[in-house]
K.L.:
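This structure is in structure tokens; I'll ask about it shortly.
Heavy atoms only: backbone and side chains are in, while hydrogens, waters and symmetry mates are out. Since the model is a prediction, treat every value here as computed from it, not as a measurement.
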Amino acid sequence: MRVMARTFREQLFFLVLSACVLKGDSRHIENNEISKDELFSFFDSELKRETPEEFMYRRPLRCLDMVAVEGRFSFAADSPQLRCAAFLVAEPDQLITVELERVHIDCSAGDFVTVFDGWVMKGEKFPSSQDHPLPAYERYVDYCDSPRRSVRSSQNVAMVFFRLHAAGSGFALTVRKHANPFPCNVISQATEGSYTMVIPQERRNCSFSIIYPVEIDVSEFSLGHDNGHPRSSTPGCAESGDFVQLLGGSGIDTSKLLPVTDLCASFSGPTRVKVGCDNAVVRMVSSGRFVSRVAFSYRLLQRPELQSIKLNNVEDFCFNN
């Protein structure tokens, strides 16, 4: 599988989007603010360094942060910090391990440091409960409630959210990345690229989320053999048990996105669809009877293209919500 290299502009757009949609309650993400200057400083500190273990990349965490590299990161509160989160992201074919270290918090006062297997935004989860192998409550690992100090994600994103009431409280964590031979759920950082998703005879759902309005070109969809269902370009493939969905919307929970088209039967493309939404998703549902495979490429839609599809009945909801 291959995803094209990220640019500075792409990363900035990605972080702006993340910073703008944080919301939740209790031990979930809540609203926060971040300045434009702070956004640019994130990337100055995110230069990747291929160094030996003793020279591992290190830097302080911010209350709202994006971490895309391996390294050791620390946070020390100089005042109450009640609504903080660090979004962790790796390449599509990688998993993330978070190791908590030197944790100095007061659990009895309501402090917490929680690692979540996925992302939470505006009360929505990625991957959705329908697509993740674990129930929602097992995806949260809280320092105050669990002896676990090392957590490995099930996909290329994870997050740490924390609340510290007293100055002097803090913690450190180490972020490591690992190869994932069969990536299932992915959030892409790139505005264009190509990808191949494979489900090796397992009953599961996998999605590839692109947080931009894009044109998606599906070049191949195979189930090991033609399952006898006609190729479809409209919703309505659920009865086949194995199919690909193209979805669109403004959230990250795939179960809440609207269907653009469904593909039921094996074929060699192209099938080209424009999705003018903040989030465009290729989602594959597998019954486990076949080795399912879908190959596709995508590119960012330019402003004139977005304007031209505003009146499309399928995609118009992207502009009204």
K.L.:
Is any side-chain heavy atom of Asp131 closer than 4.5 Å to one of Gln155?
P.N.:
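They are not in contact (no side-chain heavy atoms under 4.5 Å apart), so the answer is no.
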K.L.:
Would you say Ser286's side chain and Glu202's backbone share a donor-acceptor pair under 3.5 angstrom?
P.N.:
yes
K.L.:
So how far is it from Phe221 CZ to Phe296 CZ, rounded to the nearest 0.5 Å?
P.N.:
12.5 Å
K.L.:
Counting C-beta onward and ignoring hydrogens, is there a side-chain heavy-atom pair between Phe75 and Leu164 closer than 4.5 Å?
P.N.:
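In short, these two side chains touch, coming nearer than 4.5 Å.
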K.L.:
Between Asp253 and Ser128, is there a donor-acceptor pair closer than 3.5 Å when you use the side chain of the first and the backbone of the second?
P.N.:
no
K.L.:
In the structure I gave you, are the side-chain heavy atoms of Val281 and Leu246 within less than 4.5 Å of one another anywhere?
P.N.:
no
K.L.:
Please check if Met159 and Leu95 belong to a single hydrophobic cluster, counting links between Ile, Leu, Val, Met, Phe, Trp and Tyr side chain heavy atoms closer than 4.5 Å.
P.N.:
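Shared cluster, no.
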K.L.:
Can you tell me how far SG of Cys206 sits from CE of Met197, rounded to the nearest 0.5 angstrom?
P.N.:
6.5 Å
K.L.:
Do the side chains of Arg289 and Asp242 get nearer than 4.5 Å, heavy atoms only?
P.N.:
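With C-beta onward as the side chain, the pair touches.
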K.L.:
Donor-acceptor check, side chain of Ser219 to backbone of Ala295, threshold 3.5 angstrom: yes or no?
P.N.:
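Looks like yes, one N/O pair under 3.5 Å.
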K.L.:
Kindly write out the residues that satisfy salt bridge (charged side-chain N to carboxylate O under 4.0 Å, His left out) with Arg272, not counting sequence neighbours, or none if the list is empty.
P.N.:
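Salt bridge (charged side-chain N to carboxylate O under 4.0 Å, His left out) check on Arg272 returns Glu215, Asp217.
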K.L.:
Could you point out which residue of Arg152, Arg139, His132 forms a side-chain hydrogen bond (donor to acceptor under 3.5 Å, both in side chains) with Asp117?
P.N.:
His132
K.L.:
Is any side-chain heavy atom of Val67 less than 4.5 Å from a side-chain heavy atom of Leu61?
P.N.:
yes
K.L.:
Any idea which heavy atoms bring Ile96 and Val157 closest together, and the distance?
P.N.:
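Looking at all heavy atoms of both residues, the shortest contact is CD1-CA, 4.0 Å.
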K.L.:
So how far is it from Asn279 CG to Leu247 CG, rounded to the nearest 0.5 Å?
P.N.:
9.0 Å
K.L.:
How close do Ser292 and Met284 get, counting heavy atoms only, and between which atoms?
P.N.:
CB-SD, 3.7 Å
K.L.:
Under the rule for ring pair (Phe, Tyr, Trp, His ring centres under 6.0 Å), what residues qualify as partners of Phe126, not counting sequence neighbours?
P.N.:
none
K.L.:
Within the side chain of Glu124, is there an N or O that forms a donor-acceptor pair under 3.5 Å with the backbone of Ile252?
P.N.:
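Pair found, side chain donor or acceptor close to backbone of Ile252.
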K.L.:
Nearest 0.5 Å please: distance from the CZ atom of Arg72 over to the CZ atom of Arg102.
P.N.:
8.0 Å
K.L.:
For Arg203, look at atom CZ and say whether over 12 heavy atoms of other residues, nucleotides or ligands are found less than 6.0 Å away.
P.N.:
no
K.L.:
Parallel under 30°, tilted from 30 to 60°, perpendicular over 60°: which one fits the rings of Tyr195 and Phe208?
P.N.:
tilted
K.L.:
Ignoring hydrogens, what is the shortest heavy-atom contact between Pro133 and Ser154? Give both atom names and the distance.
P.N.:
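Looking at all heavy atoms of both residues, the closest pair is CG-OG, 4.4 Å.
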K.L.:
Please lay out, stage by stage, how Cys184 and Ile199 fare under the test side chain to side chain contact (heavy atoms under 4.5 Å, CB included).
P.N.:
CA-CA 8 Å; Cys184 183; Ile199 303 181; 5.5 Å; no
K.L.:
Between the side chain of Trp119 and the main-chain N/O of Ala158, is any donor-acceptor distance below 3.5 Å?
P.N.:
yes
K.L.:
Hey, does the side chain of Asn156 reach the backbone of Ile187 with a donor-acceptor pair shorter than 3.5 angstrom?
P.N.:
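Such a contact is found between Asn156 side chain and Ile187 backbone.
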K.L.:
Could you tell me if the side chain of Arg163 sits less than 4.5 Å from the side chain of Leu82, heavy atoms only?
P.N.:
yes
K.L.:
Take the angle between the ring planes of Tyr140 and Phe116 and call it parallel below 30°, perpendicular above 60°, tilted in between.
P.N.:
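Geometry flag for Phe116 against Tyr140: tilted rings.
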K.L.:
Hey, is the main chain of His165 close enough, under 3.5 Å, to the side chain of Asp111 for a donor-acceptor pair?
P.N.:
yes
K.L.:
Determine whether the side chains of Asp278 and Ser250 contain a donor N or O and an acceptor N or O closer than 3.5 Å.
P.N.:
no
K.L.:
Under a 3.5 Å cutoff, is there a donor and acceptor pairing between the side chains of Tyr298 and Ser188?
P.N.:
yes
K.L.:
Is the side chain of Lys177 donor-acceptor paired with the backbone N or O of Ala68 at a distance under 3.5 Å, no angle test?
P.N.:
yes
K.L.:
Can you find a side-chain donor-acceptor pair between Arg148 and Ser146 that sits under 3.5 Å?
P.N.:
no
K.L.:
Evaluate the side-chain proximity of Val282 to Val218: yes if any heavy-atom separation is below 4.5 Å, no if none is.
P.N.:
no
K.L.:
Which is it for Leu300 and Glu192 under the side chain to side chain contact (heavy atoms under 4.5 Å, CB included) test, yes or no, and what are the steps along the way?
P.N.:
CA-CA 6 Å; Leu300 182 68; Glu192 61 180 15; 5.9 Å; no
K.L.:
Does the side chain of Gln245 reach to within under 4.5 Å of the side chain of Asp262, using non-hydrogen atoms?
P.N.:
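Result yes, sub-4.5 Å side-chain heavy-atom pair found.
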K.L.:
Testing the basics here: between Gly251 and Leu257, what is the closest heavy-atom pair and its distance to 0.1 Å?
P.N.:
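Nearest heavy atoms, Gly251 then Leu257: O-CD2, 3.7 Å.
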K.L.:
Among side-chain atoms of Glu101 and Thr174, is any donor-acceptor pair under 3.5 angstrom?
P.N.:
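Their side chains do contain a donor-acceptor pair, which is all the 3.5 Å distance test asks for.
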K.L.:
Please round to the nearest 0.5 Å and tell me the distance separating atom CD of Glu220 and atom CZ of Arg293.
P.N.:
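So the CD of Glu220 and the CZ of Arg293 are separated by 4.5 Å.
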K.L.:
Between the side chain of Tyr212 and the main-chain N/O of Gln189, is any donor-acceptor distance below 3.5 Å?
P.N.:
yes
K.L.:
At what distance, to the nearest 0.5 angstrom, does CD1 of Ile105 lie from CZ of Phe171?
P.N.:
8.5 Å
K.L.:
Could you point out which residue of Ser207, Ser153, Ser209 forms a side-chain hydrogen bond (donor to acceptor under 3.5 Å, both in side chains) with Asn185?
P.N.:
Ser207
